[in-house]
Structure formats: C-alpha cells, structure tokens
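Take a look at the structure below.
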Number of protein chains: 2
Amino acid sequence: MATMTAAQRREQARTHYDAFLRECPTNQLLGRLSDKWVSLVVAALAPGPLRFSDLSRKLAGVSPKMLTQTLRALERDGILSRTVTPSVPVRVDYALTPLGASLAGLLTAVKDWAETHFDEVRTARERYDADTPA
Amino acid sequence: MATMTAAQRREQARTHYDAFLRECPTNQLLGRLSDKWVSLVVAALAPGPLRFSDLSRKLAGVSPKMLTQTLRALERDGILSRTVTPSVPVRVDYALTPLGASLAGLLTAVKDWAETHFDEVRTARERYDADTPA
DNA sequence: CAGGATCCGTCTTGATACTG
DNA sequence: CAGTATCAAGACGGATCCTG
C-alpha cells in the first residue's frame with residue numbers, strides 16, 4: 001500500500017511543512033508546544049510516569065482545570081498516555097509515549113536553559129531598564 | 001570581588017532555581033520563552049541578522065505590533081540586539097546575542113520537531129477523536 | 001482520588017490606520 | 001522603512017463548587 005518508507009515520508013514532510021507560515025498546520029502545532037504548562041508537564045513526566053496528584057504537587061500552583069486541559073490536549077496529540085486503574089479510589093497514571101519522549105528532551109532543555117541563564121537575563125533586564133529612561 | 005567562578009554560580013543557580021515552582025522567577029521566564037512568536041523570531045535569526053521587514057516577511061502573517069512586542073521583550077532579556085542605522089530611510093538590524101545564540105538551537109529544535117512529527121500528531125488526533133464519541 | 005462544570009475578570013491577540 | 005496608536009474580540013486562566 002505505502003509506496004514510501006516512514007523515513008521518506010518524514011523527509012518529504014520536512015521540505016513541505018514550514019512553521020513560519022501561518023497557514024501551515026505545524027505553525028499551530030508549534031503554538032501548542034509553546035505553552036508553559038506543556039513544557040512543565042512533559043518535563044515532569046520525563047523521568048517516569050506520574051499520577052494526577054503527583055503532577056499537581058510537582059507543578060506547584062497549577063489549577064486542576066489547567067492541568068486536566070493540558071493533559072487532555074497532550075493525550076490527544078499522542079504525546080502522553082492516560083491509564084485508568086479502576087480501583088477504589090480511582091488511580092490514573094500519565095506516561096510519555098515514545099513520541100512524547102522524543103519531545104521531552106527538547107522541552108526540558110528549554111526549561112533548564114531558563115533556570116541556568118536566569119541570572120544573565122535578569123542582568124540584561126536591569127541594564128535595559130536603566131538605559132531606557134521612558 | 002566574586003568568590004565564585006561563573007560555572008560555580010551557575011551550578012548554584014541550578015540547584016536553587018526550580019521552574020516548577022510558581023513563585024520562582026524562572027517559571028515566569030519559561031512562560032516568556034514558551035511563546036510561538038519567540039520561537040519563530042529566534043529561529044529566524046539563528047542563521048544571521050535580519051531587518052524588521054525581513055522578519056515581517058519571514059514570519060508570514062505576523063502583525064507589526066506582535067513583532068515589535070516580541071522583539072522588544074527579547075531585546076530586554078538580552079537575547080537579541082537591536083542596531084539602528086540612521087540612514088534615510090532608517091535601517092534596523094536584529095541579531096542574536098551570544099546568550100540568544102545559546103537558546104536558538106533549543107527553540108529551533110522544538111520548531112523542527114513540530115514540522116517533523118506533525119504527521120504522527122495528526123494521526124494520533126484522528127484516532128483520539130474517533131475513539132472519543134462525546 | 002481525579003476530575004467535570006461554570007462563571008467571570010483581564011490580558012493578550014489581531015486588524016487597521018497613522019507617523020517620523 | 002520601522003514602527004506607534006487605538007480598539008474590539010476572544011482566548012486564557014483561575015476560583016469555586018460539585019461528582020463518580
């Protein structure tokens with residue numbers, strides 16, 4: 001049926017899609033990934049699966065709503081899996097899929113960059129604010 | 001004056017800052033970086049400096065307002081530099097700083113991921129939507 | 001425990017039009 | 001060319017209350 005291998009299709013996609021173009025669906029996907037909660041959830045799951053309450057605790061201060069919303073969107077996009085264990089009380093585990101794992105490194109890197117270079121950013125801000133009278 | 005090397009300070013920062021915590025300023029910084037326009041602007045400048053109009057064209061469909069807003073924020077954070085050449089008409093060049101260059105690879109990787117894995121995401125979405133009656 | 005549902009302020013986004 | 005000003009629309013995020 002398929003006349004191309006997955007690698008070939010990926011190669012074609014690479015030259016076909018361009019996230020710089022607004023009409024391109026990858027532009028929208030980039031918008032999805034460019035979300036603080038997405039970064040944090042994916043980074044939190046990188047070491048291993050976690051339960052809903054674990055995530056709530058790890059992402060200190062996230063509202064249940066935002067957490068659910070983010071988890072649902074990521075599940076839909078095939079980045080993580082949701083496993084319900086029908087015990088009493090219910091137990092729900094979230095884990096990265098292989099696809100999600102391939103993304104986790106990238107988003108974690110951005111998060112780590114923020115932590116590592118914050119001092120430089122702060123210094124830059126102070127200088128900018130001092131040099132900008134208005 | 002400084003009793004620590006830059007590397008030592010960075011190491012300390014690493015253990016001190018935690019973007020998972022909402023009160024942590026790096027959490028806010030992560031929010032800044034988690035922006036579609038930021039990703040695109042930084043990725044666009046990665047190969048080399050560009051003028052305002054170049055960026056406008058490259059980021060097809062961005063409004064001048066959002067572009068200016070994004071550029072200003074990134075300049076303030078020390079990620080890019082803004083150089084005005086007082087000719088007629090005026091010429092303004094934007095270029096990544098060394099700090100920005102250290103970030104560019106990471107954000108470009110996320111953008112590339114979106115382009116490369118979009119097909120898998122789309123497939124996952126179709127499956128999810130099919131399996132979710134409601 | 002793991003959410004779903006609702007309401008509601010506010011903040012950002014995006015067109016559009018204008019300027020040095 | 002490189003922005004700034006203005007304004008309407010809507011997405012976003014959070015607080016709250018409730019359920020299986």
Side-chain angles (χ1 to χ4, degrees), chain A residues 20-24 27-41 44-45 49-76 80-95 128 132-134, chain B residues 19-23 27-41 44-45 49-76 80-95 128 132-134:
Chain A
F20 283 123
L21 305 177
R22 209 198 219 173
E23 322 79 68
C24 187
N27 184 293
Q28 200 202 354
L29 177 56
L30 181 59
R32 277 287 172 86
L33 301 179
S34 298
D35 182 290
K36 184 176 59 168
W37 298 126
V38 168
S39 295
L40 292 177
V41 165
L45 290 177
L50 288 177
R51 301 176 57 179
F52 187 89
S53 50
D54 293 331
L55 287 167
S56 281
R57 233 168 292 114
K58 185 133 193 174
L59 279 65
V62 65
S63 65
K65 178 189 171 183
M66 288 315 299
L67 185 53
T68 300
Q69 208 171 91
T70 305
L71 290 169
R72 285 286 188 281
L74 292 177
E75 185 195 0
R76 187 169 107 97
L80 55 80
S81 65
R82 177 171 176 271
T83 309
V84 181
T85 305
S87 54
V88 182
V90 191
R91 176 199 174 102
V92 181
D93 283 275
Y94 291 93
Y128 183 93
T132 308
Chain B
F20 283 123
L21 306 177
R22 209 199 220 170
E23 322 79 68
N27 184 293
Q28 199 203 352
L29 176 56
L30 181 59
R32 276 288 172 88
L33 301 179
S34 297
D35 182 291
K36 185 176 59 169
W37 298 126
V38 167
S39 294
L40 292 176
V41 165
L45 290 177
L50 289 176
R51 302 175 56 179
F52 188 90
S53 49
D54 294 330
L55 286 167
S56 281
R57 235 168 292 114
K58 184 132 193 175
L59 278 64
V62 65
S63 67
K65 179 188 168 183
M66 286 313 299
L67 186 53
T68 300
Q69 210 170 89
T70 305
L71 290 169
R72 286 284 190 282
L74 291 176
E75 185 195 0
R76 186 169 106 99
L80 55 80
S81 65
R82 177 172 178 271
T83 309
V84 182
T85 306
S87 54
V88 182
V90 190
R91 175 198 175 104
V92 181
D93 284 274
Y94 292 92
Y128 183 93
T132 307

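By convention in this document, chain letters (A, B, ...) are assigned in the order of the sequence lines, proteins followed by strands, and residues within each chain are numbered from 1. Computed from a predicted structure; not experimentally measured.
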What is the nucleic acid contact for B:Arg22, judged by heavy atoms within less than 4.0 Å: base, sugar-phosphate only, or nothing? sugar-phosphate
Quick check for you: among C:dA2, D:dC1, C:dG14, whose closest atom lies nearest to any side-chain atom of A:Ser53? C:dA2
Any side-chain N or O of B:Gln69 below 4.0 angstrom from OP1/OP2 of C:dT13? yes
Answer yes or no: does a side-chain N or O of A:Arg91 lie under 4.0 Å from OP1 or OP2 of C:dA2? no
Among the nucleotides D:dA2, C:dT13, C:dA2, which one has an atom lying closest to any side-chain atom of B:Asp35? C:dT13
In whole angstroms, how far is the P atom of D:dC12 from the CG atom of A:Leu67? 17 Å
Hey, which of these two, A:Arg51 or B:Val62, hits DNA chain C nearer its 5' end, going by closest nucleotide? A:Arg51
So does A:Pro89 get a backbone contact from the side chain of A:Ser87, meaning a donor-acceptor N/O pair under 3.5 Å? yes
Between D:dG14, D:dG3, C:dG3, spot the one nearest the side chain of B:Arg72, thanks. D:dG3
Which whole-number value in Å describes the distance from B:Phe52 CZ to D:dA2 P? 8 Å
Nucleotide nearest B:Lys65 when distance is taken to its side chain, options D:dG3, C:dT13, D:dA15: C:dT13
How long is the line joining CH2 of A:Trp37 and C1' of D:dA11, in whole Å? 17 Å
What I want to find out is whether A:Arg57 reaches A:Asp54 closely enough, with some N-O distance under 4.0 Å, to be called a salt bridge. yes
Compare side-chain N and O positions of A:Tyr94 against OP1 and OP2 of C:dG3 and report whether any pair is under 4.0 Å apart. yes
To the nearest Å, give me how far apart CG (A:Asp54) and P (C:dC1) are. 10 Å
Here the gap from A:Leu50 atom CG to A:Lys58 atom NZ, rounded to the nearest 0.5 Å, amounts to 6.5 Å
Whole Å only: how far is the CG atom of B:Leu71 from the C1' atom of D:dG3? 11 Å
Non-hydrogen atoms of B:Asn27 and A:Lys36 that approach each other most closely: OD1-NZ, 3.2 Å
Please tell me which of the listed nucleotides, D:dG3, D:dG14, D:dC1, lies nearest to the side chain of B:Pro89? D:dC1
Length of the CD-C1' vector between B:Gln28 and C:dT12, whole Å: 15 Å
Between A:Met66 and A:Val90, which is nearer to the 5' end of DNA chain D once each is assigned its nearest nucleotide? A:Met66
Return no unless some side-chain N or O of A:Arg82 is found under 4.0 Å from OP1 or OP2 of C:dA2. no
Rounded to the nearest 0.5 Å, what separates atom OG1 in A:Thr132 from atom CZ in B:Arg72? 9.0 Å
Round to a whole Å and report the spacing from CG of B:Leu59 to P of D:dG3. 15 Å
